[in-house]
Amino acid sequence: MMRLLSVFGALAILLAACTTPEPSAPSMGSDGKPLPRLYRIGFADKSKVQFRMLDAVNSLREAAGARPLKLNARLNAAAETHSRDMSRQNRPWHFGSDGSSPINRVQRSGYDGVFLGENISETYETELQTLSAWMEERSTRRVITNRQATDLGFAWYQEPNGKIWWTLITGDGSQGTQEQVTAE
């Protein structure tokens with residue numbers, strides 16, 4: 001009897017493994033379009049997200065006739081600090097909770113170049129959707145396509161609820177003349 005039960009048990013497990021679950025239909029909104037999925041960025045995704053943004057920014061810069069940027073660790077650190085601080089303040093703006101400006105944060109990070117501009121965003125969208133929105137606005141597009149820029153800092157802070165605070169910083173590591181551009 002025990003042997004018979006174990007055979008049936010094994011058969012049940014085998015059959016369960018062979019059945020393919022039906023794919024779940026995407027959740028639809030009232031407009032009939034699929035609802036957006038929560039965009040989660042894992043710790044292991046950090047460099048992938050940064051390089052995806054760098055590649056996209058450089059493609060846009062090439063189309064605008066500007067030279068490519070390179071990621072700068074110190075600008076990344078300044079951007080990450082500001083993204084976390086905006087979350088703590090619960091508002092997207094260019095000043096830190098300690099009253100610091102983008103220039104102050106870039107200097108504190110130890111960046112040797114000249115700060116050129118900062119774009120910020122509070123959203124649930126991906127980095128590429130955010131970049132697309134920045135490119136639609138003249139002031140934020142200028143930060144991205146500034147021909148003086150040589151370096152890029154890009155980082156974010158994601159809250160447990162999924163909200164993402166993005167910060168993009170450009171700088172001139174060649175010590176060129178300073179043109180300050182900030183935008184939201």
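Quick note: numbers below take in every heavy atom, side chains included, and nothing from hydrogens, waters or symmetry partners.
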Side chain proximity check, L131 to V57, heavy atoms < 4.5 angstrom: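 Yes; the side chains approach each other to less than 4.5 Å.
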Kindly determine whether T167 and F154 satisfy side-chain contact (heavy atoms from CB on, under 4.5 Å), including the steps that lead there. CA-CA 6 Å; T167 304; F154 179 69; over 6 Å; no
Any donor-acceptor pair under 3.5 Å linking the side chain of [X] with the backbone of [Y]?
| X | Y | result |
| --- | --- | --- |
| D172 | T150 | no |
| Q129 | T126 | yes |
| R147 | G65 | yes |
| N72 | L75 | yes |

For a quick test of reading the model, state the closest non-hydrogen atom pair linking [X] to [Y] and the distance between them.
| X | Y | value |
| --- | --- | --- |
| L69 | N58 | N-OD1, 2.6 Å |
| S83 | A155 | OG-O, 3.4 Å |
| W166 | I164 | CE2-CG2, 3.3 Å |
| M53 | W134 | CE-CZ3, 4.2 Å |
| E122 | K163 | OE2-NZ, 2.7 Å |

State the [atom1]-[atom2] distance between [X] and [Y], to the nearest 0.5 angstrom.
| X | Y | atom1 | atom2 | value |
| --- | --- | --- | --- | --- |
| F115 | S101 | CZ | OG | 7.5 Å |
| D85 | F95 | CG | CZ | 12.5 Å |
| E127 | L54 | CD | CG | 12.0 Å |
| R88 | S97 | CZ | OG | 6.0 Å |
| H82 | S87 | NE2 | OG | 11.5 Å |
| S109 | N76 | OG | CG | 9.5 Å |

With a 4.5 Å cut-off on side-chain heavy-atom distances among I, L, V, M, F, W and Y, is there a chain of contacts connecting L128 to I169?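 No, separate clusters.
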Give the C-alpha distance, both sets of side-chain angles, the deciding distance and a yes or no for side-chain contact (heavy atoms from CB on, under 4.5 Å) between E118 and T140. CA-CA 8 Å; E118 176 179 82; T140 51; over 6 Å; no
Derivation of the side chain to side chain donor-acceptor pair (under 3.5 Å) call for N146 and T170: CA-CA 8 Å; N146 184 329; T170 57; 5.5 Å; no
Pair E159, W165 - check side chain to side chain donor-acceptor pair (under 3.5 Å), show working. CA-CA 8 Å; E159 295 179 354; W165 301 84; 2.8 Å; yes
In sequence, state the C-alpha distance, the side-chain angles, and the governing distance for L152 and I144, and then conclude on side-chain contact (heavy atoms from CB on, under 4.5 Å). CA-CA 9 Å; L152 175 73; I144 294 163; over 6 Å; no
Check this for me: does any side-chain nitrogen of one of [X] and [Y] sit under 4.0 Å from a carboxylate oxygen of the other?
| X | Y | result |
| --- | --- | --- |
| K46 | E80 | yes |
| R52 | D55 | no |
| R108 | D98 | yes |

Pair listing, salt bridge (charged side-chain N to carboxylate O under 4.0 Å, His left out) test, anchored in residues 56-79, at least two apart: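 Of all non-adjacent pairs touching residues 56-79, those that pass salt bridge (charged side-chain N to carboxylate O under 4.0 Å, His left out) are K70-D151.
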Please determine whether the number of non-hydrogen atoms from other residues, nucleotides or ligands lying under 6.0 Å from atom OH of Y124 exceeds 12.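 Counting neighbours around OH of Y124, more than 12 heavy atoms of other residues, nucleotides or ligands fall under 6.0 Å, so yes.
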